[in-house]
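A short write-up of the structure that comes next.
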Amino acid sequence: MADTSSQSVAHDRTLDRDCTTLSRHVLQELQSFSMEAQDLSAIMNRIALAAKLISRRMSRAGLVEGALGFTGNVNVQGESVKKMDVYANDVFISVFKQSGLVCRLASEEMEKPYYIPENCPIGRYTLLYDPIDGSSNIDVNLNLGSIFSIRKQEGNDIDGEARDLLQNGRKQIAAGYILYGPSTMLVYSIGTGVHSFVLDPSLGEFILSSANIQVPEHGPVYSTNEGNFWQWEESIRDYIRYVHRHEGYTARYSGALVGDFHRILFQGGVFLYPGTLRKPEGKLRLLYESAPLAFLMEQAGGAASTGDAEILDVLPEKLHSRAPLIIGSKEDVALVKSFIQDRARESREGLQIAR
Ligand code: AHG
Ligand code: MN
Ligand code: MN
């Protein structure tokens, strides 16, 4: 005879899981119905809506007009803009219009912040975002992401220069990313751990899949573009030579930071985008790429560094400032840093360390 009690327990568990939607989770995490809690929950809901819209367009990108390819323009970063970059950038703006939630949006694709003055009397928040991360993957149907960060506006920003954004990453009140892979996932933190959600297309809801994610102390993966080896400082080459010569390391690099970060968050290891000859500050932008991911990684028990300083302590000089990024498991980040420190000591003391 069928065991009806165990069946109903399994049923309850599935139901409980299906009911843990993103908005409910945010309110649970904040343990409050204060104005700020309501605001944050509403902001996360809007981000989730943006994620669903972008995900929907991507899932049919090869079939609809105007989804793939370049626009022919170059953005403020000097990078060729893809049609999907523009679409995703506009989606985030649209979902926050008339929301009363976000005064300003600052994105990789816009030279200056976008202001929504009608929201400002109520929602004094700023959304910083990378609408599509890993744009080079779009046309070949590989994983992509979006990255977001939320800060509270400080002061009135009368001159429209958004100078209050030029503060360190510890000023973030929430951060996260969306991963467009075999399923669409949203991973976020509001400073109470890192939590992941899977988009259930049949419900149109993001449902909790893992709560309080902790990154392993060490992992096998190193993730970097080794094509830049010739452009790196000797310390980074030392690290790469080390992993080449020791058992237990494996390389994974997808060309989209969000995907590479996601793997490391769950399985451990380290992602590196160091400075290069051509770009001494590296490629990744502090305010809407490195800082939000550093916020998540610290919340998950990992580390994020430029090699010299913690990413969350770095002060951006401008909206689109870049910084070298070394992020992942504590032990692996420490190992990379040890090679950087060895070379620095060597040059300070005029030493020649035998390798
Ligand atoms: P974006 O598409 O937002 O410009 O970001 C691309 C970034 C990041 O996703 C990835 O890790 C890195 O660029 C890849 O750069 P390389 O092609 O130089 O390896
Ligand atoms: Mn990016
Ligand atoms: Mn981008």
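Heads up: numbering here begins at 1 and tracks the sequence. Whatever order the structure lists ligands and atoms in, that order sets their numbers, starting from 1.
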### Task
Could you check atom 1 (P) of ligand 1 against the protein and tell me its nearest heavy-atom contact, residue, atom and distance included?
G134 N, 3.7 Å
### Query
Under a 4.5 Å cut-off applied to non-hydrogen side-chain atoms, are L53 and F92 in contact?
no
### Task
Output the list of atoms in ligand 1 that are nearer than 4.0 Å to some heavy atom of A256, sorted by atom number.
9 (O)
### Query
So with a 6.0 Å cut-off around CD of E226, is the heavy-atom count from everything else above 12?
yes
### Query
Which is it for M185 and S209 under the side chain to side chain contact (heavy atoms under 4.5 Å, CB included) test, yes or no, and what are the steps along the way?
CA-CA 9 Å; M185 289 186 79; S209 53; 3.8 Å; yes
### Task
Consider only side-chain N and O atoms of Y288 and H320, and report whether a donor and an acceptor are under 3.5 Å apart.
yes
### Query
Among Y273, F295, F271, Y177, which residue meets the ring pair (Phe, Tyr, Trp, His ring centres under 6.0 Å) test with F261?
Y177
### Message
Checking contacts here: is it the side chain or the backbone of D133 that comes within 4.0 Å of ligand 1, counting heavy atoms only? Could be both or neither.
### Response
both
### Task
For the residue pair R57 and K83, establish whether any side-chain heavy-atom pair is separated by less than 4.5 Å.
no
### Task
Note the single closest protein heavy atom to atom 10 (C) of ligand 1, along with its residue, its atom name and the distance in Å.
G255 O, 3.5 Å
### Message
Just by distance, no angles: are the side chains of S146 and Y180 close enough, under 3.5 Å, to form a donor-acceptor pair?
### Response
yes
### Message
Counting only heavy atoms closer than 4.0 Å, does ligand 1 sit against the backbone of E79, its side chain, both, or neither?
### Response
side chain
### Task
List the closest protein heavy-atom neighbour of atom 18 (O) of ligand 1: residue, atom name, distance to the nearest 0.1 Å.
Y273 OH, 2.5 Å
### Task
Compute the shortest N/O to N/O distance between Y253 and ligand 1 and return yes if it is under 3.5 Å, no if not.
yes
### Parallel, tilted or perpendicular: rings of F266 and H262 (30°, 60°)
tilted
### Query
Should F271 be counted as touching ligand 1, given the test is an N or O pair under 3.5 Å?
no
### Message
I'd like to check whether S136 has a polar contact with ligand 1, where a contact means an N/O of the residue lying under 3.5 Å from an N/O of the ligand.
### Response
no
### Task
Would you check the N or O atoms of L284, main chain and side chain alike, for any that come under 3.5 Å of an N or O of ligand 1?
no
### Query
Do D85 and S135 get their side chains close enough for a donor-acceptor pair, meaning under 3.5 Å?
yes
### Task
May I ask you to check whether over 12 heavy atoms, not counting those of N141, lie within 6.0 Å of atom CG?
no
### N228, any N or O under 3.5 Å of ligand 1 N or O
no
#### Entry: Best match, R285, K283, E289: closest heavy atom to atom 4 (O) of ligand 1
R285
### Summary
ligand 1 atoms nearer than 4.0 angstrom to some heavy atom of D130 are 3 (O)
### Query
Once the angle between the rings of F197 and H25 is folded into 0 to 90°, is it parallel (under 30°), tilted (30 to 60°) or perpendicular (over 60°)?
perpendicular
### Query
Can you list every side-chain hydrogen bond (donor to acceptor under 3.5 Å, both in side chains) pair that touches residues 60-72, not counting sequence neighbours?
none
### Task
Run the numbers on I264 and R252 for side chain to side chain contact (heavy atoms under 4.5 Å, CB included), then give the verdict.
CA-CA 10 Å; I264 286 166; R252 292 285 184 275; over 6 Å; no
### Message
Under 2.8 Å from the Mn ion (ligand 2), which protein N, O or S atoms do you find? Ignore water molecules.
### Response
D130 OD2, D133 OD1, E289 OE2
### Where ligand 1 meets S135 - atom numbers and elements under 4.0 angstrom, heavy-atom basis
2 (O)
### Query
Where's the contact between L257 and ligand 1, heavy-atom distance under 4.0 Å: side chain, backbone, both or neither?
both
### Query
Under 30°, 30 to 60°, or over 60°: which ring-plane class applies to Y188 and H195, parallel, tilted or perpendicular?
tilted
### Query
Does ligand 1 have a heavy atom under 4.0 Å from the side chain of I132, from its backbone, from both, or from neither?
backbone
